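Worksheet: the structure to be examined is printed underneath.
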Number of protein chains: 2
Amino acid sequence: MTVTAPEVTKRRIGAESSETRALIIAATEMVIREEGYSAASTRRVALRAGLKPSLVHYYFPTTDDLLLAVFERGAAKSDEMIEAAIASGDPVRALWRFFSDDSRTALSVEYLALAIRRPAIRAKIATHSDAMRKQQVELFEQLLGARLNGPDGCPPAGLSVILAGIGRALFMESALGVSTGHKEATAWVDHWLDRLLPPTD
Amino acid sequence: MTVTAPEVTKRRIGAESSETRALIIAATEMVIREEGYSAASTRRVALRAGLKPSLVHYYFPTTDDLLLAVFERGAAKSDEMIEAAIASGDPVRALWRFFSDDSRTALSVEYLALAIRRPAIRAKIATHSDAMRKQQVELFEQLLGARLNGPDGCPPAGLSVILAGIGRALFMESALGVSTGHKEATAWVDHWLDRLLPPTD
DNA sequence: CCCGATGCTGAACACTAGTTCAAATTTTTT
DNA sequence: AAAAAATTTGAACTAGTGTTCAGCATCGGG
């Protein structure tokens, strides 16, 4: 007999499919949205979800496990939105709308902050960011190919960085309460996109 | 007798001019640089400076007081750098270099994060950001006035938002470990500035 | 009907943080 | 040198966090 697995006396963990588990993830996302990632402690999350802290740890042994799960869910949602944008009639502008969407950007900024301080999570977020960018590069290449080398042109990869960067800047400054120049920056992006990709009207 | 001031039995606070005070501020900035603003606790700062926690509180009754002082010092330094950029022969590119300077951007991103979660500090940071922007708008107006309305043009306020935004994006993504498209974005900015403001060579 | 798997709870431990304050120490003033 | 003022320290209190774990509850199948 004997043999079997040399399991290290694993602790019990709640099922992936559990409703409670989903509830915890949702509550965590809310907390992050409302109070920032640094408020996303297992205890606060528990309070928010109306559960006991130890139950949170039953589903997510460590806080990193929880945050990772939350990010994964968020990333999946964001991927869906991008897919939808790409599938739309005007993918570039849809993408720009995606980048300047406050609610999404709020989370993505929190994840970024999270990544910088949580090594365990950084890799996953970095990989996802990079994959998103590459996907966009391909899209831009197909869509704008010829035009990108014109005098107003911009390599696809640069375009992606620039749109994402401006979108994030607008959001972060708004959160701070600064908005000088935002109208102008937005108008410029619109204008630029119009030259790059004349509206088909 | 009596009368005098209705002082609320104020606690004693260390002198503004104290060396220890300066040391504490410097240590705090280091901690923020190396471990992020969330690591800037009075106790960690004390450890870092080789002092006792209570001494930190002698100079800065609350953590917000400390962070505010640190920000003020940082803002002053940043103002100096901007003044230097403006006084240089090529202010716009000097400013862009300022925005893409890693070491400065690192701090400014931390301050931004700080502001979003520390109401007591938000106002000061917001005011400073706005003042910086307005100063730049003026500069761009004087410098680029005519050209800004051309087909490639951009209102000065927009230009400031865009350069700051792209600079921050490049930094944050680098910190994360993502760099796809960075070369291209940087090259595009350089190219754009060249069209807007031909190098005087 | 019992039994094991699964879900959940309470209590506890170790640790970090902010803050206060009386007392000790050092420096400055007189 | 005595007195006053400024600086520094030690110890403590409060509060929050991550995490563990033994055990209670429940529930579906054998």
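Just so it is clear, the structure is predicted and the values come from calculations on it, not from any experiment. Residue numbers begin at 1 in each chain, while the letters A, B, ... track the order of the sequences.
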If you compare every side-chain N and O of B:Thr63 against the phosphate oxygens of C:dT19 (OP1, OP2), does one of them come in below 4.0 Å?
yes

Short side-chain N/O contact from A:Thr42 to OP1 or OP2 of D:dT17, under 4.0 Å
no

Out of D:dA6, C:dG7, D:dT9, minimum distance to the side chain of B:Arg12 belongs to D:dA6

Among the nucleotides D:dT17, D:dT20, C:dG7, which one has an atom lying closest to any side-chain atom of A:Ser54?
D:dT20

Nearest-nucleotide wise, let me know which of B:Arg43 and A:Arg43 is further upstream toward the 5' end of DNA chain C.
A:Arg43

Ignoring hydrogens and angles, answer whether the base of C:dG18 and the side-chain atoms of B:Thr62 contain a donor-acceptor pair closer than 3.5 Å.
no

Should we count CD of B:Glu34 as having more than 12 external heavy atoms under 6.0 Å?
yes

For C:dC21, does OP1 or OP2 lie under 4.0 Å from any side-chain N or O of B:Arg11?
no

Around atom CD of A:Glu16, are there more than 12 heavy atoms of other residues, nucleotides or ligands at under 6.0 Å?
no

Distance, rounded to the nearest Å, where A:Arg44 contributes CZ and C:dA17 contributes C1'
14 Å

Check every atom of C:dG7, C:dC21, D:dT17 against the side chain of A:Ala15 and return the nucleotide holding the closest atom.
C:dG7

Rounding to an integer number of Å, can you tell me how far A:Leu55 CG sits from C:dG10 C1'?
13 Å

I want to check one thing: is the phosphate of C:dT16, taken as OP1 and OP2, less than 4.0 Å away from some side-chain N or O of B:Ser41?
no

Could you tell me the separation between the CG atom of B:Leu51 and the P atom of C:dG18, rounded to a whole number of Å?
15 Å

If you check every side-chain atom of B:Thr20, which of C:dC21, D:dT8, D:dG18 has the closest atom?
D:dT8

Separation of atom CG in B:Asp64 from atom P in C:dA17, rounded to whole Å
16 Å

Taking atom P of C:dC8 as reference, at what distance in whole Å does atom CD1 of A:Ile13 sit?
15 Å

Between B:His128 and B:Tyr111, does the ring centre distance come in under 6.0 Å?
no

Find the distance A:Asp65:CG to D:dT19:C1' and express it as a whole number of Å.
12 Å

Residue-phosphate contact under 4.0 Å: A:Tyr58 side-chain N/O, D:dT20 OP1/OP2:
no

When the ring centroid of A:Trp188 is compared with that of A:Trp96, is the distance short of 6.0 Å?
no

Could you please spell out the steps behind the salt bridge (Lys or Arg N to Asp or Glu O under 4.0 Å) verdict for B:Arg133 and A:Glu173?
CA-CA 11 Å; B:Arg133 168 131 317 136; A:Glu173 292 191 4; 2.6 Å; yes

Roughly how many Å is it from CD1 in B:Ile24 to C1' in C:dG18, rounded to a whole number?
15 Å

Take a 6.0 Å sphere around CD of B:Glu138 and say whether it holds more than 12 heavy atoms from other residues, nucleotides or ligands.
no

Have a look at B:Phe60 and say if it touches a base, only the backbone sugar-phosphate, or nothing, with a 4.0 Å heavy-atom cut-off.
nothing

Nearest listed nucleotide, side chain of A:His57, among D:dA11, C:dT19, D:dT20:
D:dT20

Select from B:Ser18 and B:Lys52 the residue whose nearest nucleotide in DNA chain D is closer to the 5' end of that strand.
B:Ser18

